[in-house]
Amino acid sequence: MLSLLTDHSLLMALAALLSLGAIFGGLLGFAAVRFKVEGNPISEQINALLPQTQCGQCGYPGCRPYSEAIAEGDAINKCPPGGEETIQALADLLDVEPQPLDAEHGVEKEPVVAWIREDECIGCTKCIQACPVDAILGAAKVMHTVIADECTGCDLCLDPCPVDCIDLIPRKQGIGFWHWPLPGDGAARFDIIASDNATRDAA
Amino acid sequence: MSLLRLTSPHATGQKQVSLVMQDVLLATLPGIAVMTWFFGPGTLVNLVLGGIVAIASEYLATALRGRNPSAALRDLSVLVTSTLLCIALPPYAPWWLIVIGVVTAVLLGKQVFGGLGYNPFNPAMVGYVVLLISFPVQMSSWAPPRGLEATPTLIETLSHVFAPATIDAMTAATPLDLLRQNTGLLFNDLLATRPEFSAWGGLGWFEVNFAFLSGGVWLLYRRIFTWHAPLGMLALLAVCSLIGYDGGSSQSGGSPIFHLFSGATMFAAFFIITDPVSSAVSNKGRLLFGALIGILVYLIRVLGNYPDAVAFAVLILNFCAPFIDHYTQPVVYGTRGKDR
Amino acid sequence: MSNTTLRQLTVNGLWKNNPALVQLLGLCPLLAVTASTVNALGLAAATLFVLVVSNTAVSLIRTVVSDTIRLPVFVMIIAAAVTATELLMQAYSYELYQILGIFLPLITTNCIILGRADAFARKNPLPAACYDGFIMGVGFGGVLVLLGMIRELLGTGAIFADMHLLFGPSAQHWRWEIFSVEYPFLVAILPPGAFLVTGCLIALKNSVDSSLERRLRAH
Amino acid sequence: MRVIHDIHGGIHPPERKELSRPGVLDQVALPPLLVLPLRQHLGAPAQPIVSLGDRVLAGEKLAEPQGLVSVPIHAPTSGTVRAIELRPIAHASGLEDLCIVLEPDGEDRWVTLSGAGDWRQCDPADLLDLVRDAGIAGMGGAGFPTAVKLNPGPSRQIETLLINGTECEPYISADDTLMQCRADALIEGAQILAHIVGASHILIGIEDNKPAAIARVTDAASRIDPAIEIASFPTKYPSGGEKQIIEILTGQQVPSGGIPADIGLVCVNPGTVVAVREAIIEGKPLTHRIVTLTGEALARPGNVIACLGTPIHFLLEQAGIATGPQQRIIHGGPMMGFAVSDLNAPITKITNCLLAPTQTELPLPEPAKPCIRCGHCAEACPASLLPQQLYWYARAKDQEQLTEHRLFDCIECGACAYVCPSQIPLVQYYRAAKGQIRDSEQERRRSDNSRDRFEARQARLETELAAREAKRAARKAAATDRANAGGEDPIQAAIDRAKARKADQETSP
Amino acid sequence: MVGDIALLLVGAVLVNNFVLVQFLGLCPFMGVSNKLETAMGMSVATTFVLTLASVCSYLTYNYLLLPLDLAYLRTISFILVIAVVVQFTEMVVRKTSPLLHRVLGVFLPLITTNCAVLGVALLNINQAHNFIESLFYGLGAALGFSLVLILFAAMRERLAVADVPEPFQGAAIGMITAGLASLAFMGFAGLI
Amino acid sequence: MKWLASIGLSGTVLALFAAITSIIIGWTYLSTKAQIELQVRRAEARQLLEIFPPDTHDNDLVEDTFEIKADTPLLALRQAARGYRVRLGTEVVGVILPTTARDGYSGDIRALVGIRSDGSVAGVRVVAHKETPGLGDKVDLRKSDWVLGFTDRRLTDPLPNRWTVKKHGGDFDQFTGATVTPRAVVVATRRALEYAELHASNLFETGADVL
Ligand SMILES: Cc1cc2nc3c(=O)[nH]c(=O)nc-3n(C[C@H](O)[C@H](O)[C@H](O)COP(=O)(O)O)c2cc1C
Ligand SMILES: Cc1cc2nc3c(=O)[nH]c(=O)nc-3n(C[C@H](O)[C@H](O)[C@H](O)COP(=O)(O)O)c2cc1C
Ligand SMILES: Cc1cc2nc3c(=O)[nH]c(=O)nc-3n(C[C@H](O)[C@H](O)[C@H](O)COP(=O)(O)O)c2cc1C
Ligand SMILES: Cc1cc2nc3c(=O)[nH]c(=O)nc-3n(C[C@H](O)[C@H](O)[C@H](O)CO)c2cc1C
Ligand code: SF4
Ligand code: SF4
Ligand code: SF4
Ligand code: SF4
Ligand code: FES
């Protein structure tokens with residue numbers, strides 16, 4: 001073994017690799033400092049994809065914190081309001097496999113808005129303080145109303161209300177929101193509407 | 001009375017997949033007839049055997065997937081696949097060759113991807129190439145055309161197919177083989193000296209190509225496909241062979257006429273590269289698709305290891321088709337001038 | 001190392017997270033050298049060896065290296081192991097060395113090895129890392145050999161030909177002719193065959209998984 | 001003579017127009033109940049201004065427009081408001097919508113109508129108001145508020161008024177009949193519209209399968225205003241598409257995402273033109289329209305002039321419908337119309353045709369087969385799209401690619417689905433995809449908005465917090481200041497006082 | 001000379017395509033080919049790294065190892081060179097284009113373990129290429145890789161909407177498609 | 001100056017590992033060196049020994065070589081290559097000539113032809129070829145023993161005009177479906193024999209080491 005160590009070819013090898021190692025190590029060390037990056041611009045793009053319901057179901061106080069968590073490598077399937085669509089979008093952005101929504105954070109529901117039964121409202125302003133997007137109007141002792149267009153349906157205002165006068169009602173209702181569904185594969189292309197009363201009347 | 005909800009349009013045209021496929025099958029008849037005349041009943045036996053195997057394997061595959069087999073069979077596409085494959089296979093090939101080829105085509109070429117409409121590669125050509133590289137011996141032994149030897153009777157044919165004796169008995173090098181192996185002779189001397197050639201090109205092959213051409217033109221007239229792909233291929237094949245012809249020295253790749261009317265040229269141009277499923281979608285795309293195939297066919301025929309190049313050229317371009325589609329979209333109404 | 005983690009590692013390496021069939025790593029040797037069983041076996045052994053060595057070493061030094069140079073260091077360790085293997089093979093089974101060609105040195109770049117080093121060994125204590133390396137190697141090698149056998153069988157009608165390259169003259173006649181055909185299914189031992197057979201293996205695994213799943217849900 | 005340009009694609013389905021005897025205009029009886037949906041047009045629904053039990057005269061306004069892109073609704077006849085409630089309306093969704101239900105008293109007493117007098121002297125702006133008040137929405141299909149369309153804003157200079165008399169859909173002959181029976185009114189209306197939009201040129205385009213209409217209109221034009229140009233062009237579906245007819249007659253293309261006004265055109269339907277004339281000359285709001293009743297399931301097909309709000313089954317029974325199994329009633333034409341799911345639904349301002357085909361006439365579609373990429377759809381597409389690609393991406397819900405492939409330039413004409421050998425309901429895919437994309441855009445807008453509000457609120461809270469901090473600090477500071485300022489320390493003073501009192505007590509006996 | 005270079009390129013790109021015929025660089029080929037844009041990004045990165053590495057390793061071998069007669073150190077020194085080139089590229093990319101880095105971040109380290117890179121270096125030696133040849137061989141290899149990667153990505157976008165039997169969904173069908181592609185590429189055999 | 005430190009640190013650590021690994025490798029190398037050289041020589045010798053088995057000679061074939069220049073008409077080599085002399089005692093009992101058939105079905109076919117001093121073939125081995133698998137590749141001994149058919153043939157047996165495949169009126173079998181490849185090999189062998197006849201003096205008597 002010792003004799004081997006003194007063998008010149010071995011020393012050569014040592015020298016060669018040492019120099020290589022030293023040179024490249026130096027190069028990288030230099031690059032590490034020279035090309036340092038601060039912050040994580042990706043979280044902005046992630047936040048742009050989150051629904052901004054600000055409901056905190058993801059376990060973070062609002063969407064931005066969650067976006068930063070994702071940028072740090074948290075799972076992308078924790079946002080129930082966003083649902084599959086958001087997960088898909090995130091997966092595309094980050095080029096990872098989309099997972100199904102993580103049920104422990106809640107399930108995807110149809111979009112809702114808060115609706116205050118105004119005759120019951122006692123004007124306690126509690127909900128106003130709770131609302132993350134200032135979607136509730138009103139002052140102390142006067143009855144409050146929800147600006148439907150601003151409300152994200154995060155339901156944070158329900159618990160604070162002492163008289164439970166706030167309901168969540170579906171946001172998308174009526175013909176204005178209807179559009180054709182995607183046809184099913186190979187299925188019969190029409191559905192039969194239950195026999196209609198026109199003929200009953202006529203008959 | 002009950003009312004139905006369904007989308008517009010409520011009127012629909014007469015075109016149907018099954019009818020389209022039917023037309024294609026009909027259009028192959030002249031070609032098949034001429035082949036039978038020149039090479040004997042071998043092709044017919046191939047077709048029958050292949051058809052049966054194809055139906056069986058399609059039925060099996062769809063049944064295994066719990067789909068409705070009869071619906072899948074009714075669109076006839078599997079018959080087109082097997083027919084085209086069997087036309088391309090050498091007559092008097094042993095029965096197991098046909099079986100392996102057709103099964104590969106239908107299962108590996110088509111059903112793995114989900115069946116009709118989903119296969120990115122041309123099933124028939126998949127089957128053909130798999131056979132070609134696995135069994136070059138059988139695949140390179142074409143029967144001599146009528147005029148060199150008498151064509152065998154049906155009985156002889158059947159014995160050839162089901163009790164394969166020695167191969168060479170039924171083999172003669174095809175004109176394309178000879179051109180590949182030709183070292184010394186000027187092109188014209190080659191035509192003059194070898195009996196496998198007629199004035200136009202391959203003896204028998206010219207007529208076969210002509211028959212497929214006529215069938216293809218009929219399909220064009222029936223608007224089954226557009227002229228883009230076939231024209232692209234034939235034009236570029238002609239151009240390349242013209243460039244490479246150099247007056248027919250022993251190095252030359254053969255005359256344009258020869259290339260246009262020998263091997264599987266016409267058959268490919270009108271029946272293979274027009275497979276809607278595996279080719280490019282837009283007309284621009286199809287023109288390019290065909291053109292590139294034309295070039296490749298020439299290059300591979302002249303430089304490559306394989307006497308007839310169509311199958312490879314088609315598969316290679318199938319591979320490129322999605323990318324081609326990406327960059328050959330038509331100019332949409334109202335976007336003239338604007339960059340899309 | 002508790003034996004729950006042991007079981008986990010085992011299941012992961014052999015089936016659930018099989019490097020070849022699931023992680024799709026180390027594909028190049030997987031496809032390139034599986035034209036015959038003996039080649040596959042040879043490369044499998046070499047890979048296994050390197051994998052164990054590198055995992056062990058990496059987990060030993062895991063506290064020392066900083067992030068900037070961790071890749072180079074790991075890679076160097078692996079390369080050293082590979083070169084050693086290469087030299088040994090050259091010395092003691094030269095023909096096989098020639099057949100495997102550049103795919104022997106290419107073990108260095110086999111994604112599994114660096115992958116395991118970076119993803120597992122870097123974060124785990126010696127025994128776990130060592131065992132993980134072993135089991136991953138077995139999982140990979142198993143697939144390698146399986147592929148080799150299937151392809152050799154389809155492509156030549158026999159398996160275990162030329163085993164003497166690996167096991168010495170005594171193995172000359174291990175060749176086992178299963179069916180004899182005049183014209184074997186050549187495509188299996190040609191490049192496309194590698195992809196196709198692998199694809200079918202993966203599909204097979206998937207369908208097994210899903211049927212197991214169904215069985216589970218039934219209970 | 002004007003050069004006729006060809007458009008890409010297009011198809012030639014059987015026309016079947018003679019079935020409804022174009023040119024003959026029948027009357028229909030008044031139905032027992034009129035149902036007037038508040039949303040008969042594109043844009044915001046109208047706002048009712050009557051209440052239950054009100055008695056109203058014909059032509060009286062029942063609902064006010066809500067916002068700019070909206071139109072009022074008028075009573076077609078005199079009667080009593082019986083209900084304002086959700087009722088089935090003629091809509092692809094088969095959903096119900098808010099309607100005003102009017103019970104006619106059969107007297108048909110009208111409010112006193114007053115036209116604009118000599119419109120040539122009037123300021124276009126005033127005429128526009130009349131048009132808006134008359135509740136006119138495009139009668140060619142989209143039902144877009146005509147008043148909005150007629151004032152494309154100062155930035156867009158209108159040269160040509162294009163009247164779209166194509167009526168390219170099979171079966172329909174309402175515009176044909178209108179042009180034959182009311183040619184003079186059409187011409188006069190055209191002049192008015194030209195005056196309103198300031199168009200120097202009037203162009204009437206009619207497909208060459210309507211010789212009678214062409215003759216009548218040409219004759220009327222030559223009598224009233226020879227400057228008006230009538231152009232006829234070969235029959236082909238969908239030449240009637242606004243963008244298509246514009247290319248056919250002018251060779252220009254409406255820029256993608258733009259409107260005709262961008263290239264100096266306004267395109268209106270003859271029905272709309274005549275409606276405008278009535279509004280300006282007689283001050284008559286839009287309360288009636290011509291409807292084609294056709295299809296082999298009808299004993300007496302034809303064109304009738306009907307009150308808006310007339311229930312569909314009433315009209316069909318007038319036309320002697322004999323319903324078969326799996327009967328379809330199609331609102332609009334066979335190419336673009338939709339199947340009605342409740343015959344109580346009324347006709348509206350955009351109902352140009354009710355089609356009751358028999359099974360043999362328009363057989364039901366088979367289950368769709370997979371797309372074979374044959375490209376026939378691309379051949380047929382008037383917008384030069386790649387329908388098959390759109391179909392694949394719609395299936396994959398790939399919105400990026402869909403917009404990339406210009407889904408929104410699809411006019412939903414259905415030519416692609418007509419030729420598709422796999423009989424894929426392509427148009428439904430496109431409609432669904434468009435809907436999804438619009439939804440997610442809306443959602444994105446919402447979420448951007450709430451992000452801003454959320455962040456604004458965070459900022460506000462912080463400032464408030466800061467402010468509160470500042471106040472507290474200030475108060476504290478103030479206290480200490482006062483102390484120092486007041487010389488002797490108050491606490492010390494108190495102690496001294498206490499001591500003093502003690503001292504007094506001790507000294508007292 | 002130019003002719004030779006051309007042949008070298010054609011050989012590396014088509015006839016002996018690195019991915020489909022020589023089985024090098026398959027992991028990224030399978031891993032990064034789900035979306036066309038990603039594939040293009042990867043192609044760029046790989047082309048850069050591959051060419052650079054090919055040249056660097058050539059220099060290392062001929063001007064360091066051979067003179068010192070240390071040929072047996074080639075693997076380790078090449079892999080060192082490659083690792084460094086890659087890491088350097090990564091740092092630069094991260095600095096210059098964060099999104100590209102987010103997309104390629106996962107794969108840049110993988111390029112280190114992309115056999116194609118080391119493969120080129122070793123083949124350069126086996127085939128005794130000179131400097132220019134090494135350069136173009138590296139480039140050709142990279143182009144061949146990029147070509148099939150991009151074509152394959154475009155095709156996989158189509159497969160994504162295909163109604164594939166579910167045992168075959170995902171990797172399996174990818175493999176089979178690649179197999180058929182390699183079948184097709186056999187057609188180039190003999191072109192040079 | 002903070003980055004100098006960083007460079008220094010990573011530099012040293014990297015170098016350290018470089019050292020360790022190089023020691024390991026170097027050690028393995030040195031301890032396997034001899035064995036490897038042996039193996040290499042064996043491998044080279046194996047094919048030669050197949051042609052001229054050990055009992056036919058007493059010299060080390062690998063050592064006893066001479067060079068043949070490129071493009072000699074009969075051997076058609078692309079580059080200069082090595083030939084081997086086979087000696088029993090002092091006299092040369094045979095040579096092994098490298099030859100190339102340029103008219104294979106696809107690409108060159110490179111072969112070694114062993115020729116005894118009496119002009120008979122000792123053996124033919126195809127070293128490298130690109131012929132079609134399953135068709136042209138039967139010239140490879142691993143695929144079929146067709147090449148053994150040359151053993152003991154000489155230029156006079158069969159007569160030169162019958163030195164081709166049966167299909168073209170020769171004495172040698174072609175393969176089913178493939179005549180090009182075998183014909184190429186047959187012709188190449190005949191040419192090698194002619195070459196040996198031509199340069200008999202140089203090959204078998206004076207030991208010229210460049211031809
Ligand atoms: C969503 C939408 C917005 C439109 N906006 C305008 C507009 O701002 N100005 C205008 O003159 N026409 C506008 N139009 C009317 C179109 O120019 C066209 O005339 C109308 O859609 C009827 O055409 P169609 O029946 O072919 O759809 C709009 C139409 C739609 C559907
Ligand atoms: C496919 C298609 C076909 C159409 N056909 C006609 C037609 O035949 N006649 C017509 O007046 N409008 C037709 N339209 C509507 C016109 O595009 C355009 O909306 C209308 O002429 C504008 O006038 P309006 O606003 O008065 O309805 C069609 C629209 C589409 C999308
Ligand atoms: C794909 C393919 C590969 C072939 N490969 C070879 C080959 O490697 N060697 C060969 O001699 N013939 C090969 N052939 C056969 C030749 O084309 C030719 O038919 C055969 O050499 C018989 O030639 P002959 O007419 O002179 O008998 C191949 C044929 C095909 C179709
Ligand atoms: C014009 C035309 C050409 C066709 N060509 C082929 C073909 O070359 N090979 C094939 O397998 N099927 C062909 N088919 C049938 C069908 O498209 C094919 O089986 C599909 O690829 C199956 O998905 C063709 C069909 C048509 C209409
Ligand atoms: S769950 Fe979704 S919507 Fe709710 S706060 Fe978290 S990210 Fe925002
Ligand atoms: S109103 Fe209630 S539900 Fe709506 S956003 Fe505010 S807190 Fe959430
Ligand atoms: S017409 Fe139908 S089948 Fe043909 S390409 Fe279009 S969608 Fe596909
Ligand atoms: S519906 Fe859309 S895609 Fe289909 S033809 Fe009409 S415009 Fe083209
Ligand atoms: S093994 Fe070759 S790239 Fe992974």
Side-chain angles (χ1 to χ4, degrees), chain B residues 1-21 68 71-72 74-75 77 113-120 223-226 228-229 274-286 321-322 325-326 328-338 340, chain D residues 8 11 13-14 92 94 170 243 247 253-258 323 325-330 332 334-343 357 362 364-365 369-376 378-379 382-386 388-389 405-406 409 412 414 417-423 425 427-428 431:
Chain B
M1 143 180 174
S2 64
L3 290 155
L4 310 173
R5 178 191 305 142
L6 69 168
T7 12
S8 62
H10 305 278
T12 47
Q14 300 78 12
K15 270 217 170 63
Q16 282 192 19
V17 177
S18 50
L19 299 182
V20 173
M21 298 297 167
N68 171 359
R74 237 181 282 114
D75 64 39
S77 69
F113 295 96
L116 176 66
Y118 296 110
N119 51 303
R223 307 169 125 268
I224 301 296
F225 48 74
T226 61
H228 300 79
T274 50
D275 171 16
V277 177
S278 52
S279 77
V281 289
S282 70
N283 286 346
K284 231 188 306 172
R286 287 184 173 166
D325 291 344
H326 229 269
T328 53
Q329 288 165 25
V331 182
V332 175
Y333 178 104
T335 60
R336 254 193 238 139
K338 287 194 207 173
R340 42 174 318 288
Chain D
H8 178 272
I11 55 176
K243 297 172 169 177
E247 183 169 19
Q253 290 191 342
V254 182
S256 164
T323 59
Q326 298 198 317
Q327 180 64 50
R328 256 175 306 172
I329 303 299
I330 295 165
M335 295 305 294
M336 293 191 66
F338 57 85
V340 186
S341 47
D342 185 338
L343 292 191
L362 293 182
L364 284 169
K369 286 190 204 58
C371 164
I372 60 168
R373 297 177 184 273
C374 63
H376 294 318
E379 295 280 293
S384 317
L385 298 162
L386 286 177
Q388 69 275 57
Q389 295 298 79
H405 282 70
R406 300 223 161 256
D409 287 323
E412 299 177 14
Y418 180 85
V419 296
C420 173
S422 297
Q423 306 201 327
V427 180
Q428 184 175 348
R431 288 182 174 142

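Not measured: the values here are computed from a predicted model. Here is how names work: the chains are called A, B, and so on, in the same order as the sequence lines, proteins then strands, and each is numbered from 1.
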Under a 4.5 Å heavy-atom cut-off, does chain B meet the side chain of D:I330, its backbone, both or neither?
side chain

Exercise: identify the closest heavy-atom pair between B:P276 and D:I372
CB-O, 3.1 Å

When D:R373, D:M336, D:Q388 are compared by non-hydrogen pairs under 4.5 Å with chain B, the top option
D:R373

Between D:E247 and B:Y333, which heavy-atom pair has the shortest distance, and what is it?
OE1-CE1, 3.3 Å

Output all residues satisfying side-chain contact (heavy atoms from CB on, under 4.5 Å) with D:S384, sequence neighbours left out; order by chain, then residue number.
D:H8

Quick one: which of B:D325, B:L19, B:L116 has the most heavy-atom pairs under 4.5 Å with chain D, could you say?
B:L116

Between D:Q253 and B:T335, what is the shortest heavy-atom contact and its length?
OE1-N, 4.3 Å

Minimum heavy-atom separation for D:Y418 to B:A11, with atom names?
CD1-O, 3.3 Å

Starting at CZ of D:R406, measure out to CD of B:Q329 and round the result to the nearest 0.5 Å.
10.0 Å

Out of D:G375, D:P170, D:P13, D:G414, return the one with the most heavy atom pairs under 4.5 angstrom to chain B.
D:G414

Per-residue contact mode, D:V254 against chain B (heavy atom under 4.5 angstrom):
both

A side-chain contact here means heavy atoms from C-beta on lying under 4.5 Å apart; do B:Y118 and D:P370 qualify?
yes

Would you compute the distance between atom CD of D:Q423 and atom NZ of B:K15 and round it to the nearest 0.5 angstrom?
12.5 Å

When D:P382, D:P14, D:P334 are compared by non-hydrogen pairs under 4.5 Å with chain B, the top option:
D:P334

The reported gap from SG in D:C374 to CZ in B:F225 (rounded to nearest 0.5 angstrom) is 12.5 Å

Atom CD of B:Q16 and atom NZ of D:K369: how far apart are they, to the nearest 0.5 Å?
5.5 Å

Kindly indicate whether the side chain of B:S8, heavy atoms from C-beta on, has any atom under 4.5 Å from the side chain of D:R431.
yes

Could you list the residues that satisfy side-chain contact (heavy atoms from CB on, under 4.5 Å) with B:N283, not counting sequence neighbours?
B:T226, B:H228, D:E379

Nearest heavy-atom pair of B:I224 and D:H376: which atoms, and what distance?
O-CE1, 3.6 Å

Is D:A378 in contact with chain B via its backbone, its side chain, both, or neither, using a 4.5 Å heavy-atom distance?
neither

